[in-house]
Student: 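Have a look at this one.
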Amino acid sequence: MDKNSKRIEYAAVIAFFLLVSVLYTWPLALHVHNCLPGDNGIYEPTGELGGFGDALHAAWLTSWDARKIFTDPGNFFQGNIIYPSRDVNTYSEHLFIIGVCGAPVYFTTHNPVLTFNFLLFFSLVLTAFGTYLLLKELTGSVPAGLVAGSIFALAPFRMARPDHLWFLFSPFMPFMLLYLHRYLEWGGRKRLLLFALFFLLQSLSSWHYAMFCALAAGLFLLWKAAFSRHGQEWKMLGLSALSMAAAFLLLIPLLLPYLRTHSRLPGFERSVSETVPYSVHASDFLRVLPQSVLYGKAPGPFRHIMAFRGAALFPGFLVIALFILGLLALYRSARRRHVPAAEGPGVPEGLGATLQEEAESGESVPPRREVTQRRTPTPVRDAGYFVVLTVVGLLFSFGPRIGKFNNLFYAIPYNLGILKFTRTPMRIYLIALLGIAGLAGYGTWFLHSRVSAVREGGRSRSFISKAFPPFLLGLLVLEMATFNIPIYRVPVGKEVPEVYRWAAESGDARFIELPSPPLTQGALTYDGWGLGFVTADPVEYIDHDGLAMYYSTYHWRRIVNGRSSYFPYFYLRIYDEMTAFPSKRTLGLLSGLHVDYVIWHWEWTEEGSREELRDKLLDFPGLDLVADFGDQAVFRVAETELAEAGELELALACPRSAPQGERLNLGLLAHNPTEKPFVMAVEEAQPFIARFEGESDLEIRGTFRVPLYLAPGETATIPLTVSSAPMAGDYRLEVRLDEGLFAPLSLSSEITLRGYEELVGSGVLNGKVYLAGLGDTLHIPVTGGLFPVVLQAENTGQNYWMAYWDRGREEEYPYGLVRVWIGWSQGNDWVWDQHISFLPCDLPAGQSARFSVLVRPPSEPGEYGLNVALYDEQLGQLSEMSQIKVSVSLGEGNADP
């Protein structure tokens with residue numbers, strides 16, 4: 001084929017894939033400049049369409065990347081969202097190469113929406129085109145390439161979440177495999193370099209794709225190694241592996257900030273329990289998209305995909321049939337061997353003539369030429385590789401469990417730390433999809449070759465042979481088609497609210513956008529560091545903070561708002577507090593964080609409460625109206641004098657007796673005795689030393705977290721965990737802070753360590769807890785937010801209480817695993833939060849502890865009962881309920897503590 005013919009072919013193929021991409025995302029193509037795609041799933045059982053917050057996050061991130069890569073690469077990970085946290089871009093995928101690809105559009109138009117949509121279509125078309133080239137080369141069949149490209153780029157599994165740009169962006173992955181195949185077949189440094197380049201480019205798009213590329217290329221090398229017999233072949237395999245390793249070394253600069261965040265923040269990895277809801281389940285193979293032209297309204301057994309999972313794993317009957325034909329082709333090829341000519345399936349076009357010319361001229365030839373002449377593959381030799389891809393991708397995508405059985409195939413790499421970065425094992429199904437697409441391509445080649453071989457009257461039925469590919473492709477496009485996907489209009493350019501142009505001229509100011517969407521009532525956990533956080537309407541929340549992120553692309557000032565795949569402590573705490581805004585407590589926190597302005601959105605406020613809120617905001621001490629733009633108003637936050645760390649009063653909560661050789665849970669009680677708020681945005685863990693002096697001296701080092709905020713008069717419990725206590729005996733326990741925020745400080749207590757039999761006794765669990773020092777009633781002058789109350793807990797049983805323990809070991813502990821249960825009632829009904837707080841330290845029998853916990857007052861004013869009880873992890877409630885009457889009001893500015 002000459003160059004002009006090849007150009008025409010490629011242009012036609014690209015035009016076809018572009019047309020199909022436009023069809024499958026319709027009507028997005030009509031609104032690429034001002035609309036973003038939403039979640040193609042539904043929220044069961046209401047059927048409410050999902051939001052577009054993930055697309056807003058991607059639009060913000062690609063715009064941030066495009067700016068920083070070329071203007072300020074040193075601050076690439078210091079996103080302007082989720083202030084005051086640092087390295088916030090490590091909370092999600094970095095999208096480095098996606099930012100590079102989107103930079104020309106962004107710098108030309110300064111339109112994040114157009115940049116997102118350009119990248120979306122760029123990825124869909126180039127992914128399909130690269131897969132086309134790969135399968136065409138492997139099979140020599142144009143229809144095989146078109147089918148495989150359509151399936152891999154546009155299958156329902158991929159189109160379920162067009163808002164997840166990072167997942168759709170795979171334009172370099174097929175080219176990586178294409179040049180790896182060419183290099184291993186024909187040699188040449190250029191092909192090796194191109195393989196390494198495409199491997200690196202795709203790996204630079206996200207950590208998930210770095211894993212996908214390593215799996216796909218690594219399995220290809222293993223597949224080739226299984227059939228390699230000559231030293232030259234092994235050398236080429238080794239060079240390919242080395243080029244992969246070199247590419248991974250180039251990823252290290254992007255990895256280091258993630259490692260830094262992992263070392264600084266708790267919970268910065270995915271637990272096994274987090275991955276279970278986002279793993280593949282058997283029912284997912286019957287799930288379809290509600291926007292599917294053929295299956296969207298199909299009756300059972302088909303089901304729509306579930307919210308946030310994108311689990312549309314039913315590919316269509318035609319894809320399944322072609323996949324089975326690919327398996328049949330592989331089976332038949334195993335029974336007989338063919339040796340095709342140098343030009344043909346499996347050989348790059350024109351390469352045979354090039355080899356012949358080089359041989360005649362005496363120039364060097366690719367190192368596998370003599371091997372090729374003896375053992376050139378059949379068109380289906382590499383079909384087995386796609387079978388391996390399918391099986392491996394499926395095994396990984398099931399996550400930690402396959403049905404009722406543990407999935408060791410997933411557990412082993414997870415325990416090695418390889419998979420702890422991903423919450424969604426289902427995404428690894430992409431590897432299986434590549435295998436399915438490849439094998440369906442082989443099935444297409446097999447079927448087309450059989451149709452073309454049918455003869456009638458001694459002549460080939462050329463019409464059927466020529467008509468078959470477009471007919472098959474048309475059926476495939478129709479079966480996989482999605483239409484009328486949800487899209488959302490986004491203000492762009494001059495449509496963006498004027499307040500953000502005002503913010504762009506505000507210098508280095510810091511903002512928070514309020515009001516925040518309400519949090520739901522429910523069973524939450526508050527332990528002072530990791531707070532409970534459940535929004536009443538996830539779609540409203542995602543779109544709310546997604547819009548705040550998106551609008552920040554028009555001013556790039558730091559904002560407290562934002563969202564990502566990981567929620568840092570500061571974000572959770574501030575969000576919980578701000579549901580009570582405005583109040584003295586929230587103003588003290590914002591001032592301490594050096595937040596300069598509040599952008600108040602009246603369009604986010606319930607219409608019936610606007611007048612009352614307007615009066616309150618205008619009259620509230622510490623808030624000054626500086627700009628009014630109709631739907632938005634800007635208030636300056638007055639500076640507040642803050643308490644210093646040295647002004648806090650610190651005490652040690654310690655059990656009088658504890659089990660020998662076991663984990664010991666202590667508490668550092670931090671009290672703010674001043675009339676000033678204490679605010680300390682320090683994410684780094686602070687070091688402490690626990691020294692036991694007695695029967696056998698022992699020194700244990702550990703870390704603790706600094707409380708973010710203490711209102712005047714408030715006390716917080718800071719957990720201190722001593723990993724292992726010494727053997728039985730009487731000790732003096734000294735806790736030293738030799739460095740860090742509170743250094744120097746030394747606190748001590750007497751403690752007796754005993755065998756667990758003495759501490760368990762008869763195993764009887766009993767105790768009581770009550771609200772201390774409040775009398776019969778409590779007045780809370782503000783709804784929502786957080787409010788500290790003081791509790792007194794007493795261990796009146798015979799068994800030792802553990803305040804914290806190792807999850808997964810609870811059945812081994814002979815002790816009580818005791819926490820405090822707190823709930824709000826009105827009359828005989830539970831009406832608000834029911835949450836859990838931790839004890840300040842372990843408690844042996846006969847000991848009591850006084851400590852403060854944060855509660856979240858109901859969102860509506862009224863008379864309530866605040867109820868507390870002790871709760872054992874295994875046995876349930878173990879104490880009588882204690883209740884105090886609480887009056888909750890909207891509050892007065894100067895009355896709020």
Side-chain angles (χ1 to χ4, degrees), residues 527-528 648-671 685-706 715-767 792-806 809-810 812-819 838-851:
D527 67 355
L648 299 187
E649 295 175 351
L650 301 175
L652 183 64
C654 178
R656 290 196 293 263
S657 57
Q660 62 176 351
E662 279 277 10
R663 165 180 175 159
L664 177 63
N665 301 301
L666 310 173
L668 189 62
L669 304 180
H671 176 67
Q686 304 292 299
F688 75 89
I689 299 172
R691 179 172 178 78
F692 294 86
E693 298 176 353
E695 299 291 331
S696 58
D697 292 351
L698 178 65
E699 187 172 282
I700 301 291
R701 294 180 179 270
T703 59
F704 66 91
R705 303 284 172 176
V706 178
T715 301
T717 300
I718 304 171
L720 303 180
T721 298
V722 179
S723 58
S724 179
M727 301 306 293
D730 295 325
Y731 292 87
R732 178 180 177 271
L733 172 59
E734 181 188 19
V735 174
R736 295 203 320 265
L737 309 182
D738 293 338
E739 55 183 302
L741 183 66
F742 298 130
L745 179 69
S746 176
L747 302 169
S748 63
S749 177
E750 302 298 322
I751 187 171
T752 299
L753 300 179
R754 304 176 180 176
Y756 78 88
E757 299 89 349
E758 297 181 63
L759 293 170
V760 170
S762 64
V764 173
L765 281 174
N766 203 353
Q792 184 84 16
E794 298 180 13
N795 184 348
T796 60
Q798 297 179 352
N799 199 353
Y800 186 82
W801 293 355
M802 297 286 285
Y804 295 84
W805 55 91
D806 297 323
R809 284 193 61 200
E810 51 260 47
E812 302 176 22
Y813 283 129
Y815 318 108
L817 309 178
V818 179
R819 297 184 289 182
F838 291 87
L839 296 172
C841 65
D842 296 343
L843 282 183
Q847 186 172 342
S848 64
R850 188 183 182 98
F851 56 102

Student: Partners of E662 by salt bridge (charged side-chain N to carboxylate O under 4.0 Å, His left out), sequence neighbours excluded?
Tutor: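 Scan of E662 (salt bridge (charged side-chain N to carboxylate O under 4.0 Å, His left out), adjacent residues dropped) gives none.
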Student: Take L668 and F688 through the side-chain contact (heavy atoms from CB on, under 4.5 Å) test and state the conclusion after the steps.
Tutor: CA-CA 11 Å; L668 189 62; F688 75 89; over 6 Å; no
Student: Checking Q847 now: which residues fulfil side chain to side chain donor-acceptor pair (under 3.5 Å) with it, not counting sequence neighbours?
Tutor: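 So Q847 forms no side chain to side chain donor-acceptor pair (under 3.5 Å) with any residue.
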Student: Measure the CG-CG distance between L720 and L666 for me, rounded to the nearest 0.5 Å.
Tutor: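 That separation rounds to 5.5 Å.
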Student: Using 0.5 Å steps for rounding, measure from the SG atom of C654 to the CG atom of L843.
Tutor: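 Interatomic distance, C654 SG to L843 CG, rounded to 0.5 Å: 10.5 Å.
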Student: Could you list the residues that satisfy side chain to side chain donor-acceptor pair (under 3.5 Å) with N795, not counting sequence neighbours?
Tutor: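 Expected list: none.
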Student: Going by atom type alone, with no hydrogens or angles, which donor-acceptor pairs under 3.5 Å involve a side-chain atom of residues 697-704 and a protein atom two or more places apart or on another chain?
Tutor:
residue : atom : partner : partner atom : Å
D697    : OD1  : G694    : N            : 3.2

Student: Drop me the distance from T717's OG1 to R850's CZ, to the nearest 0.5 angstrom.
Tutor: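 Result: 12.0 Å between the selected atoms.
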Student: Find the distance between CD1 (I718) and CG (L652) and round it off to the nearest 0.5 Å.
Tutor: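 One finds 11.5 Å between CD1 of I718 and CG of L652.
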Student: Applying salt bridge (Lys or Arg N to Asp or Glu O under 4.0 Å), which residue pairs with at least one partner in residues 650-661 are found, sequence neighbours left out?
Tutor: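 Every pair satisfying salt bridge (Lys or Arg N to Asp or Glu O under 4.0 Å) with a residue in residues 650-661: there are none.
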Student: Measure across P655 and L664 and return the closest heavy-atom pair with its distance rounded to 0.1 Å.
Tutor: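 Between these two residues, the closest heavy atoms are CG-CD1, 3.7 Å.
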Student: Residues in ring pair (Phe, Tyr, Trp, His ring centres under 6.0 Å) with Y800, at least two apart?
Tutor: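 Ring pair (Phe, Tyr, Trp, His ring centres under 6.0 Å) check on Y800 returns Y815.
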Student: Anything under 3.5 Å between a donor and an acceptor, one on a side chain of residues 731-751, the other on a protein residue two or more places apart or in another chain? List them.
Tutor:
residue : atom : partner : partner atom : Å
Y731    : OH   : S696    : OG           : 3.3
Y731    : OH   : M727    : O            : 2.8
E734    : OE2  : S746    : OG           : 2.7
R736    : NE   : D738    : OD1          : 3.4
R736    : NE   : D738    : OD2          : 3.3
R736    : NH2  : D738    : OD2          : 3.2

Student: Please list, chain by chain and in numerical order, all residues satisfying side chain to side chain donor-acceptor pair (under 3.5 Å) with E693, sequence neighbours excluded.
Tutor: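 In terms of side chain to side chain donor-acceptor pair (under 3.5 Å), with neighbours along the sequence ignored, E693 is linked to R691.
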Student: Please report the closest heavy-atom contact between A803 and F838, naming both atoms and the distance.
Tutor: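 Smallest interatomic distance, heavy atoms only, reads O-CD2, 3.3 Å.
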Student: Just jot down the side chain to side chain contact (heavy atoms under 4.5 Å, CB included) partners of Q798, sequence neighbours excluded, or say none.
Tutor: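 Only S762, V764 meet the side chain to side chain contact (heavy atoms under 4.5 Å, CB included) criterion with Q798.
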Student: Please identify each residue that fulfils side chain to side chain contact (heavy atoms under 4.5 Å, CB included) with A728, with sequence neighbours left out.
Tutor: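 Counting only residues at least two positions away or on another chain, A728 forms a side chain to side chain contact (heavy atoms under 4.5 Å, CB included) with Q660.
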Student: Using the side chain to side chain contact (heavy atoms under 4.5 Å, CB included) criterion, which residues pair with T715? Sequence neighbours excluded.
Tutor: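 By the side chain to side chain contact (heavy atoms under 4.5 Å, CB included) rule, T715 matches L669, H671, S852.
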Student: Kindly compute the distance separating CG (L817) from CE (M802), expressed to the nearest 0.5 Å.
Tutor: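 Here the rounded value is 7.5 Å.
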Student: If you take all heavy atoms of L759 and P659, which pair is closest and at what distance?
Tutor: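 Looking at all heavy atoms of both residues, the shortest contact is CD1-N, 3.1 Å.
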Student: Where is the tightest heavy-atom contact between C841 and A653, given as atom of each residue plus distance?
Tutor: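 Looks like CB-O, 3.5 Å.
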Student: If you take all heavy atoms of P814 and Y756, which pair is closest and at what distance?
Tutor: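 For P814 and Y756, the tightest heavy-atom pair comes out as CG-CD1, 3.8 Å.
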Student: What residues, two or more places apart in sequence or in another chain, satisfy salt bridge (charged side-chain N to carboxylate O under 4.0 Å, His left out) together with E757?
Tutor: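 Result, salt bridge (charged side-chain N to carboxylate O under 4.0 Å, His left out) vs E757: none returned.
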Student: Can you name the nearest heavy-atom pair linking L765 to G816, along with the distance?
Tutor: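 Residues L765 and G816, closest heavy atoms: CD2-CA, 3.7 Å.
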